[in-house]
Trainee: 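I have a structure here, written as structure tokens, and I will follow up with some questions on it.
Below, chains carry the letters A, B, ... as their sequence lines are ordered, and counting in each starts from 1. Any value given below was found using the heavy atoms of this structure, including those in side chains, with hydrogens, waters and symmetry copies removed.
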Amino acid sequence: MENSLLSVRHLQKFFPVRKGVFRKVVAQVKAVDDVSFDIAPSETLGLVGESGCGKTTVGRSLLRLIEPTSGSVTFDGQDVLEAGGAQLRAMRRNMQIIFQDPYASLNPRMSVADIIGEGLKVHGIIRKRKEMEERVEQLLEKVKLDPVYINRYPHEFSGGQRQRIGIARALSLDPKFIVCDEAVSALDVSIQAQIINLLVGLREELGLAFLFVAHDLSVVEHISHRVAVMYLGKIVELAPTRELFTNPKHPYTQSLLSAVPRANPGAARNRTVLKGDVPSPIAPPPGCPFHTRCPVVMPHCKTEVPPLKKSGPGHTYTCHLDG
Amino acid sequence: MIPTMIGITLLLFVVMRLAPGDPATLAVGTVGMGAEGAAMQAESNMEDAITKFRKKYKLDEPLLVQYGYWIGSVARLDFGNEFFRPNVKVRDELWRRMQVTVPLSLVSVILSYLIALPIGILTAVKRGSVADKTATLSVFLLYSLPNFWAGLMLILIFGKTGLGWLPVLGLHDKDAASFTTFRYVMDVVHHAILPVAVLTYGGLAYLSRQMRGGMLEVIRQDYIRTARAKGLSERVVVYKHALRNSLIPVVTLFAGILPILIGGSVIVETIFTIPGMGLYAFEGLVQRDYNVVMGTVTASAFMTLVGFLISDVTYALVDPRIAYD
């Protein structure tokens, strides 16, 4: 894609499974297997899928919080995976992450000012304590928290407030791109809405690009420009949000969408319930990874890897069926 | 703290008195041994002496009354006199013995923290490396060695029977009184090497395992990932974010160390014949000298409670989540 901010190509992450006294590698967990996508400046890409499909691993690999096995990640023209020490840290000014669990992701022994301001100090943006505190107060206001909380500790806040602190922290370095790793799934629904509206507001205001990792389709539908659906470490369908929700091509996407609760319970629903469990990512099924649960499986799905097909502008999917 | 203290001492007091063995018979027996043919002393004479001894130390009173007398004098910081050296006050002897034990334990505690913390941190940060595996295995081996065995082995190896490098008895040379200050100090250091080594290695092994465990626990927390995502260098992540959080359990371990610091190690002091608190307790126990035993045990119990208090306070100091009103 031309003028993309972030460009991911053939990203793979295998976790070795070790056994025995000598910790021999007996197998590989293919958490992410050949994932490619682009994100344009100020764009939000939703990434959805079941638990364990590799969404979080993708998000963390982009920031090198997990070292990917192979593939390439280009951010703003720079190769992220090749960057070492100082260069990588400089890059992290522009790429930030908001974590899922607002209770675990803030250091319990640091005050709000230190949590948010530490990045500013480390990157030499601000040297004086007083300047830092002013900046932190601005950031707190930006995420709609009262700046008087600056010297409190994380345990004194509620989940929603903590997530706001996490967002302020991510914003502190003025990044261009933020990975939201299930940023709202640990929160109450009412708080989720607040946080999402906050993120949307910040996106408009600051021109941020997001990778929005989630398992809740309605949340993703609300915030994303485009949505990628992952299954067993692979992206099975990627399309602009409206297109994906109205015209899903992949049987997996179709069954996911049929599971979204509708506002009108009386309306006729065509529910596709998947049978069985997700196969183990240690030994993914041959051919199409989805064939073990696919409601419209065909004989050659079990042997042949489905090709990447295009359906309309920006809509791609991998399936033997022609929609 | 005071009710706890009363509870502890009452229990110890009762257990001590109910244990078999009787200081009165022991004392009279020892006295009788001195003179030639004393074993032939008239039995009534002996009985008399025993009754007198019992009366003197109020051993003929009911247990609770005895405890009342004892706790009353302890409240005035008086632990009574030794049974066998009636002109020696247990309190004064405790003070003398502490001056031997405390420096020894202090050196060993400081050493074990100084060595254990870096080992724990490094093995946690480089988990799974060859260095980690070697260190973890050797620390585990050390931890499994009983200290009386290790002490005796060290004596065999470094003492006169082996290499003959180090003295194994007491803390001073027999001519130490005539030494110059420098030589005196060197002499003490020389004597202290083996006991300190034995005192240190077990605690060291335990501490470094605790440190490693604490560090590993913290290092996989989300906020460590947050710290990395901020673009902090690995050093800052490890030493500022991870270390400070994992020190909390290690700091509180200090509570368990304080009583040993004062009470000394009965085993080590006995093996190396160091006239400290541990040996004092041992001597008291062998002779059924209730005042000595109660004195040493009370000191240890008191220090345990002080240790808990200190660790509670430090807990609140190092962890902002904990507050005491």
Trainee: Closer than 4.0 angstrom, basic N to acidic O: yes or no for A:Glu133 and A:Arg129?
Mentor: yes

Trainee: Is it true that A:Glu141 and A:Lys144 make a salt bridge, defined as a side-chain N closer than 4.0 Å to a carboxylate O?
Mentor: no

Trainee: Quick one: are B:Arg127 and B:Met215 in side-chain contact, heavy atoms under 4.5 Å?
Mentor: no

Trainee: Tell me, for A:Met110 versus chain B, whether the close heavy atoms (under 4.5 Å) come from the side chain, the backbone, both or neither.
Mentor: side chain

Trainee: Applying side chain to side chain donor-acceptor pair (under 3.5 Å) to A:Gln12 and A:Thr69, what does each step give before you reach the verdict?
Mentor: CA-CA 5 Å; A:Gln12 286 188 316; A:Thr69 310; over 6 Å; no

Trainee: Apply ring pair (Phe, Tyr, Trp, His ring centres under 6.0 Å) to A:Phe14 and list each qualifying residue two or more places apart in sequence or on a separate chain.
Mentor: none

Trainee: I need the residue from A:His123, A:Glu118, A:Met91, A:Met95 with the largest number of non-hydrogen atom pairs under 4.5 Å to chain B.
Mentor: A:Glu118

Trainee: Could you look at A:Arg109 and say if it's the side chain, the backbone, both or neither that has a heavy atom under 4.5 Å from chain B?
Mentor: both

Trainee: Between the side chains of A:Lys13 and A:Glu67, is the shortest nitrogen-to-carboxylate-oxygen separation below 4.0 Å, so that they form an ion pair?
Mentor: no

Trainee: Take a 6.0 Å sphere around CZ of A:Phe15 and say whether it holds more than 12 heavy atoms from other residues, nucleotides or ligands.
Mentor: yes

Trainee: Return the option, out of A:Phe99, A:Tyr103, A:Tyr153, with the maximum number of heavy-atom pairs under 4.5 Å with chain B.
Mentor: A:Phe99

Trainee: Determine whether A:Leu11 and A:Phe37 make a side-chain contact, defined as any pair of heavy atoms from C-beta on separated by less than 4.5 Å.
Mentor: no

Trainee: Given side chains that start at C-beta, do those of A:Leu187 and A:Pro102 come closer than 4.5 Å, heavy atoms only?
Mentor: yes

Trainee: For A:Thr56 and A:Glu182, run side chain to side chain donor-acceptor pair (under 3.5 Å): C-alpha distance rounded to whole Å, both residues' side-chain angles, the deciding distance at 0.1 Å, then the answer.
Mentor: CA-CA 8 Å; A:Thr56 295; A:Glu182 304 260 15; 5.1 Å; no

Trainee: Report the option among A:Val179, A:Leu106, A:Leu88 that has the most heavy-atom pairs separated by less than 4.5 Å from atoms of chain B.
Mentor: A:Leu106

Trainee: If I measure from the heavy atoms of chain B, does A:Arg64 come under 4.5 Å with its side chain, its backbone, both, or neither?
Mentor: neither

Trainee: If you count heavy-atom pairs within less than 4.5 Å of chain B, which of A:Ile115, A:Leu63, A:Ile97, A:Leu173 leads?
Mentor: A:Ile115

Trainee: Counting heavy-atom pairs under 4.5 Å to chain A, which of B:Thr226, B:Ile224, B:Val218, B:Val236 comes out on top?
Mentor: B:Thr226

Trainee: Where does A:Asp114 contact chain B at under 4.5 Å (heavy atoms): side chain, backbone, both or neither?
Mentor: backbone

Trainee: What residues of residues 237-247 of chain B sit under 4.5 Å from chain A when only non-hydrogen atoms are counted?
Mentor: B:Lys240, B:His241, B:Arg244, B:Asn245

Trainee: Using a cut-off of under 4.5 Å on heavy-atom pairs, state which of A:Lys121, A:Gln100, A:Arg169, A:Glu156 scores highest against chain B.
Mentor: A:Arg169

Trainee: Would you call the rings of A:Phe75 and A:Phe177 parallel, tilted or perpendicular if under 30° counts as parallel and over 60° as perpendicular?
Mentor: tilted

